[in-house]
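Reminder, nothing fancy here: chain letters follow the sequence lines and each chain counts from 1. This is a predicted model, so every value here is computed, not measured.
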There are 2 protein chains.
Amino acid sequence: MNTHQLEIFYHVAKFQSISRAAEALYISQPAVSSQIKKLESAYGVHLIEKNGQGIQLTAPGIQLYEIIRSFFENAIVSAESLLKNSSVLRISGNFLMTNFVIPQIFDHETNQANLIIKSTSSFNALTELKNGYCDLALISASSQPVLSADISVKKIFDDEIISVSKKPLEREVTSLIVSKSKIDVYKILEKNNPLFSHLPYTAVESTQDALSNININKNSATFISARFLKYFEKDYNYHYTGVKNGFYALYKSNNFHTDEILKLIEMIKSSTK
Amino acid sequence: MNTHQLEIFYHVAKFQSISRAAEALYISQPAVSSQIKKLESAYGVHLIEKNGQGIQLTAPGIQLYEIIRSFFENAIVSAESLLKNSSVLRISGNFLMTNFVIPQIFDHETNQANLIIKSTSSFNALTELKNGYCDLALISASSQPVLSADISVKKIFDDEIISVSKKPLEREVTSLIVSKSKIDVYKILEKNNPLFSHLPYTAVESTQDALSNININKNSATFISARFLKYFEKDYNYHYTGVKNGFYALYKSNNFHTDEILKLIEMIKSSTK
DNA sequence: TGAAATTACGCGGCCCGTAAGAATT
DNA sequence: AATTCTTACGGGCCGCGTAATTTCA
C-alpha cells in the first residue's frame, strides 16, 4: 500500500476535484491523475468516476476516504506541530470551553501563539487525547470520565445544567435535542420531570450541534451549562433543571508540557470562578 | 511531511530496531537508517538514540509514534482489505462476543474466510466503526449507545450481569476491577449494594483486561455477563447482581454489506437464544 | 470557448542496494 | 566474534512537468 498515493487520493476526495487537489499539493494536474490511476489499477478498483466536467467518488472511494481521512486531517497535522515546534500546546475541547472560556482567558494575555485550539465534541476530544492528537482535552460530562491509566483528570468546575429553547419551554417546545455529553442528564429528567417525559428526543454529537439544530427547528430545546447562559441569554428562554454537570481537564501523565498544562488549568479555574 | 518516512519510522518505533524494521519492510538496513536521518534532519529533532547495540526512542519519538500508530495499525490494514476484496466483512467486537459467540457460530459453517475479526474493548470497537475501520461493531453496554445519525443499532440480547472472582466474593475479595462498559452497573451497585459499597475499584478498558487482572490479583472481582459464565465457571466464584446489560450490533447505515451484516446479526441472535 | 481530465514522453531526484567501517556486548 | 547501526557511492525506478488531446458545459 503506497501512502503517497493515499495522500494524493485524500486530497482528490476532499475537493472532489483533481485540479483542486493538484493546487493544494503544489504539483501538476496530470501527476495527480496518474497517481490515482496507479492506485486504482494496483487493486483493480474504481475510486473516482467522471461526472460532467469534473469527477466524483465511487462507493469504494467514499469508504476509502473515510478510512484515511482522520490520519491526514488529525495525525499529520499533530505530527508536524510536534516536530516543528515542541512548545506548541494542542488543546481539543468542547464548544463551550473552546469558544467562550479559552478566548476570555487570553483576551489580555499574549502567549496564545503557542496554542492550537480545536473545537469539537467532548467525545471526540477524548479520542483525540487518547490518540495523541492533542495535549489537553477540555470536556463536560455528567459523570466523571473513565479513562486509561496514563491519563490524568482534573475537575475544573461543577455546573448546573439548564434547558434552553427559542420558545417558552413549558408550552411551545415539541422536541429535545440532546448532546452526547448530557445524555445522562436527559435520562434522569425523562424519568423524574413531567416537563421532559413526554418530549421525543434526538441525540447529536455536541452542544454546538444541538444549538445549531434549534436555529433550524425553533420548537426544540437542548441542555447547556448555566454558567454559559450569559453568552446566549438574549436569544434563548431557559428553565432550570437542577442537575449537575462537571467540566474536566484531561491530559496524558507523561506529557512534556505538564507544567504548562497545570498552569493553564489553574488559569481556567480562576477565570470561571 | 513525507508519509513514506513516517511509515518507515512507524516500523522502527514498533520494533525498537532498525534491522527488524528493515526486515518487515523488505528493504535494506541502511535504507531505513537513511530515511530516519532524513526525517530527523528535516525538522531538526532527534527521534531515536543509540542504546548499546541497538536504539531506543527519544521522548518526541515516543509521542510521534503514538500519533501515527493508529493509521498504520488500523487505517492501512482496513484500506487494504477494502481495496483487495470488498466482500470481506470487518468485525470489531468486545472480548466476550469475539472470543465466544462468533467462533461458536462458525464452528459448523465454512464462510469465515470472509471475516476479519478483531477483539478489543467496546469503546474502541465503537471508535473503529466511526472511523470506518470496521463494518460491524459488537459491543456490550449498560445503556443503549448514543451515536451519530449514520449509524444503525440493533439490540442482540439483554443479559444479567454477575460479579465473578477467584475467591468467595463475600469474604475474601478486597477490590473491584471494572471494565468501562460496565461502569454504570458499578455505580448502581456501589450505591445500593452493601457488598460492593466498601470495595475500592479500578477502571480498565475491557472485560478481558479485568479478567487478566484477576489472574494477577486473586483477591479482586469483576463483572461479566451471566450468559458467558459457562466459559469460566470452573475457575470463578460468582454472585448475581440483578443488573441488566445490553449487547448491541452497530453498523453504518450506508455500508455496502448491509445484507450480509443483517444476516450475521440474525445468526448471532438465534445462536445466543 | 473555457474548464477539467487524460494521454504521451522525457528528465531528474531520490530511494534503494552493496560494501566497508564503527561501536557495543 | 557477532550483532547492530552508520557512512559512502552508484544505479535504476518512478514521480513530476510540459505539451497536446479529449470531453463536457
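Between the NZ atom of A/K37 and the C1' atom of C/dT7 there is a distance of 10 Å, rounded to whole Å. For B/R20 and D/dT3, the CZ to C1' distance is 9 Å, given to the nearest whole Å. Atoms CD1 (B/I27) and P (D/dC5) sit 13 Å apart, rounded to a whole Å. For the pair A/E49 CD and C/dA4 C1', the computed distance is 16 Å after rounding to whole Å. The nearest whole Å value for the distance from the CG atom in B/L57 to the P atom in D/dC5 is 12 Å. Between the CD1 atom of A/I8 and the P atom of C/dA5 there is a distance of 14 Å, given to the nearest Å. Taking atom CZ of residue B/F9 and atom P of nucleotide C/dC15, one finds them 17 Å apart after rounding to whole Å. At whole-Å resolution of the value, CZ in B/F15 and C1' in D/dT3 are 18 Å apart.
Across all strands, B/S34 comes closer than 4.0 Å to no nucleic acid atom at all (heavy-atom distances). Using a 4.0 Å heavy-atom distance criterion, B/S28 is classed as a base contact.
For A/P30, counting side-chain heavy atoms from C-beta on, the closest listed nucleotide (D/dT4, C/dA8, D/dC16) is C/dA8. In this structure, the nucleotide among D/dA25, C/dC16, C/dA23 sitting nearest to the side chain of B/K50 is C/dA23. In the set D/dC16, D/dT6, C/dA5, the nucleotide with an atom closest to the side chain of A/I55 is C/dA5. Here C/dC15 is the nucleotide among D/dA8, D/dC14, C/dC15 with the atom lying nearest to any side-chain atom of B/Q35. The side chain of B/H4 lies closest to C/dC16 when the candidates are D/dG15, C/dT18, C/dC16. In this structure, of C/dC15, D/dT6, C/dT6, it is C/dC15 that holds the atom nearest to the side chain of B/K38. When each of D/dA25, D/dT6, C/dT6 is scored by its nearest atom to the side-chain atoms of B/S33, the top-ranked nucleotide is D/dT6.
The structure places CG of B/D150 at 5.0 Å from NZ of B/K252, a figure rounded to the nearest 0.5 Å.
Neither side chain, B/N217 nor B/K166, offers a donor N or O lying under 3.5 Å from an acceptor on the other. A donor-acceptor pair shorter than 3.5 Å cannot be found between the side chains of B/T120 and B/N94.
Comparing A/N51 and A/Q5, the nucleotide of DNA chain D nearest to each residue sits closer to the 5' end for A/Q5.
Interface remark: the B/Q53 side chain does form a donor-acceptor pair with the C/dT24 base, using a distance-only criterion of under 3.5 Å.
Remark: the backbone N or O of A/S206 is not paired with any side-chain donor or acceptor of A/S121 at under 3.5 angstrom.
For the OP1/OP2 pair of C/dA3 and a distance below 4.0 Å, the side-chain nitrogens and oxygens of A/Q29 include no atom meeting the criterion.
Between B/F232 and B/F100, the ring centre distance stays below 6.0 Å.
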